[in-house]
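Below, chain A is the first sequence line, B the second, and so on; all start at residue 1. The figures here come from the full heavy-atom set of this structure, side chains too, leaving out hydrogens, waters and symmetry mates.
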Amino acid sequence: MATTSPKNPGSKATGAPRFGRRLLILGAIGAAMAAATGERLANWQVLEAGDLAATAGVQQRNEQIIASRRGAILSRDGTAMALSMQVDRLIGSPNVITEYDTADVARYLAKVLDVPYEQIMAKIGDPSVAYVVVAEDLDPDQSAQIRQSMRRGEIGGFRLEPVARRVYPGNFLGAHLIGFVDGAGKGHYGVESFYDQELTGRPGLVISDQDPRGRTIPVGNYDPLPPVNGATLILTMDRTIQRIAEQELEGALARFGSSSGSILVVDPRSGDILGMANRPTFNPTRLDTYSEIGENFINPAVSLIYDPGSTFKIMTMAAGLDAGVIGPGSRHNLPGVYEYWGLEFKNWDERTYPNQDMVSVLANSSNTGAIFVADQLGADAYYDYIRAFGFGETSGIDLAGEVRGILKARGSLSWYPSDLAANSFGQSISTTPIQMAMAFSAVANGGLLLRPRTVGRIATAAGNVVNPAITEIRRVLRPTTSRTLIDMMYQAEHSIPGNRALRLRYSTVGKTGTAEISAAGGGLLPEQTIASYIGFGPRENPQVLISVKIDKPRTGTWGSRVASPIFRQMVDRVFEYLRVPAVA
Amino acid sequence: MFAALRRIQSADAAVTLAIAALITAGLVALAGISAPVSEGFESQIVRQGVFVAIGLALFLFMSSTNYRMLSVFAWGVYGFAMLALLLVLFFGVERFGAQRWFLFGPVQFQPSELGKVALIIVLARYYTAVYEFRHAAWAFVGAMVLTAVPVALVLLEPDLGTSLVFLVIWYCMAFVAGSRFLHLGIIAGLALALTPVAWFVMRPYMRERIVTFFDPTIDPLGAGYNVLQAQIAVGSGGLWGRGIAASQSQLEFLRVRDTDFIFAVIAEQFGFIGSVVVIALFFIILLYSLVVVIRAPNDFSRFLATGILAMIGFEILIAIGMNIGLAPVTGITLPLMSAGGSSLVMTLVALGMLLSVSLHRDVALFHASSRGDLPIGRRAGHRL
């Protein structure tokens, strides 16, 4: 410790100024840095504070959505048509299976899941994989068995993940009406889409603080929002009627060599859809078998248009009767060929029926007779009635994807005076089967156009039951008109020899239709028709309306040969099922 | 010892209050982010409190002891510190890939903190001794060698940040001690010239820190993470701060928030106003140090105070600067505020020495130079 070194005693005199200068330099550097610090702090904490605080909020907030349970869809008779259930799927993390013998584990799982050992091994054999779905849709027994093994520590590196599955116990039954749910839980088509919000309910939300690893912090002071499960929908559709309709449609298509068609069963007093069968169709439980969302999913009853043909004469006749321009006894020669505003219109058999009454117009399905009625009415009044029947607008049915059809408006550039003639017997006008069914329902129920509905009751998860009221859109016909027309239809149908639509047990009325098909490029498709029959009964107090539509039948082109017998079959089975009193 | 109390002037009182305020603010900031007091010695806040007590005791002891004693023990302290730095390389505990700490039961001790103060003392004595030859190259190199020993040992731990502190202490003391601008210039030029070389010598993590200093968004989840999170913390503090329970800090988005990023924590908790107050308190300490340097009664005390000023000033600058993107992340703790016993205690020891210089301006170690064998007493005569 003996350093000795004499120090300059004059340091105060000579050193101080130099120290002063040097210290000044140090101080200046320090001051500059302090200024930079202050500037940066002011920048971040005052100018950019809002943005940075927002960034902090975003990264610190954890929002966890708790899925609500999707509501079930029941048929009118209470059978489940669509159900949501939780099934487990088995997730493996082969990278953590290391402490177990992978082959042993695979053998065990193969036994429990009843799949080949090799298949399991292929999934969990690679020890670098962190996540693999080993099996989907475990049944409850399998889940329980695996859960127990995991608890006992017999297998490790697996977990069961609950997955919401939408199950359609009826498979094809009523597929178009019901629709389906995609993997994300969103409804598509039909009721699943139209009532998606009601079925979904409201997902719950838990907001909490989280740390950088996403772990939530219990001190986070946010209120959880509990999920509200979806409502249960009770359809107006009756499962038995639906099954009958689908069976009859299947049979008819096979019999007449057709690939598509629709049968609707409607309660004309309420607008309730009791059955809605369509072909082609799809199986909502096996969506994976459809390569893409294609035509199969489109509901032809509400989303595809066609020229209705002769069934539309009922609308023309109703308009004429209601306006008083004709009566049941009005007489007219029904020319075989008739020129109207430069176009020739023909009866189907091109025969002239002289001095016929209006019942005969229906019985013979005379095109020229329909033109006569429309012409008597005049275009303005005629289209007022057609619009009143709901054509040119959607029926308002509670199904997704409904289209309006095409009604050329008088006065629009595309309308020609000759269109009045074509429209009078259902050509040059495009409608949907549901529009036609509702227009006929108006005739059946005393003149009211109702809004069709597929859901008759909504039961919320909280236990509230909503019964949607029957919706009257408007009065189209006076009740007496309805009565008169039904009588005329009855007479007409019964005057047709060998009418295949009629059954002695039940008194029904209706009308055939044989529509020509508009080609995509204009004109008509030769030799191809849409055969249809729309009818209802019993005559005195119509309770059931059935519409049959068979597209492009290969054997037999006429509605009377193709659609009428199907209608009769339907009447037989449906009326019996509904215990509609038979004719004494 | 109590005689010193009578010599306290307003500046001394002010700096003591500033120190106390900073320590308190540091404890409050730690309280917001660490385990509750109820966890006893496991709780960071309790540990820090114990170190505050030890540090304050040493602060009082150092300030009431005549700083001239330090000259006597300079070489001994230096030797002891260098030995500790050497031994820690063999017997220290390893954490975060670096061997910097001795473990004594529940208490850790970081010898490099002692080393900094030891270097200041020994260089003060050295420059006093060689003052006549301050322009000589050998005198300059001699101090360089004294500095190189701890720098080398600390680099071996490794601890780049702390070794930089040693270099800054030496450079500033050499500057004030009157080394030639030529020599100082050569060193500065050499440092600049070696920068590209250093890039290749640096470990990858060091390079990342440099790169992310210039643009933290290059690797927002990796090397740039802390820098970005610090910015978010500082910014979300806003003008008035978000209080003790500031979430960015509390939720551990900021890593090493109790040491390296304590300033960001404070900035979030107390906002712009709080940050400015903290900086102002540090400024008071630095200003006081400067005054002590200027008014130092002799060369030893001037150099001593210069070293302390350089050490604390540089640490404050870097520790705050790296929290606000003005300096690369180096792992230097913020004096008086960061958690960590060694740093806090040794900073208080250094500040106690500074106060001692102020308080013992006119008090010689011995009233008469009868003890001629005491080197400084004999040389400085009545002014010591």
* May I ask you to check whether F80(B) and W75(B) place their ring centers less than 6.0 Å from one another? => no

* Hey, which of R165(A), Q142(A), R89(A) is the one that makes side-chain hydrogen bond (donor to acceptor under 3.5 Å, both in side chains) with D137(A)? -> R165(A)

Which bit of [X] comes within less than 4.5 Å of chain A, counting heavy atoms only: side chain, backbone, both or neither?
{"X": "A310(B)", "answer": "neither"}
{"X": "L184(B)", "answer": "side chain"}
{"X": "I320(B)", "answer": "side chain"}
{"X": "I324(B)", "answer": "both"}
{"X": "F263(B)", "answer": "side chain"}
{"X": "Y126(B)", "answer": "neither"}

* Asked: With a 4.5 Å limit on heavy-atom distance, are the side chains of I120(A) and Y108(A) in contact?
  -> no

* Asked: Is T128(B) close to R302(B) at the side-chain level, that is, under 4.5 Å between some pair of heavy atoms?
  -> no

* Are R166(A) and S84(A) close enough that a side-chain donor and a side-chain acceptor fall under 3.5 Å? -> yes

* Structure fact -> Applying a strict 4.5 Å limit to non-hydrogen atoms, the region of A54(A) in contact with chain B is neither

* Largest heavy-atom contact set with chain A, pairs under 4.5 Å, which of G237(B), G325(B), G321(B) -> G325(B)

* Structure fact -> Rounded to the nearest 0.5 angstrom, the CG-CD distance for L90(A) and E161(A) is 10.0 Å

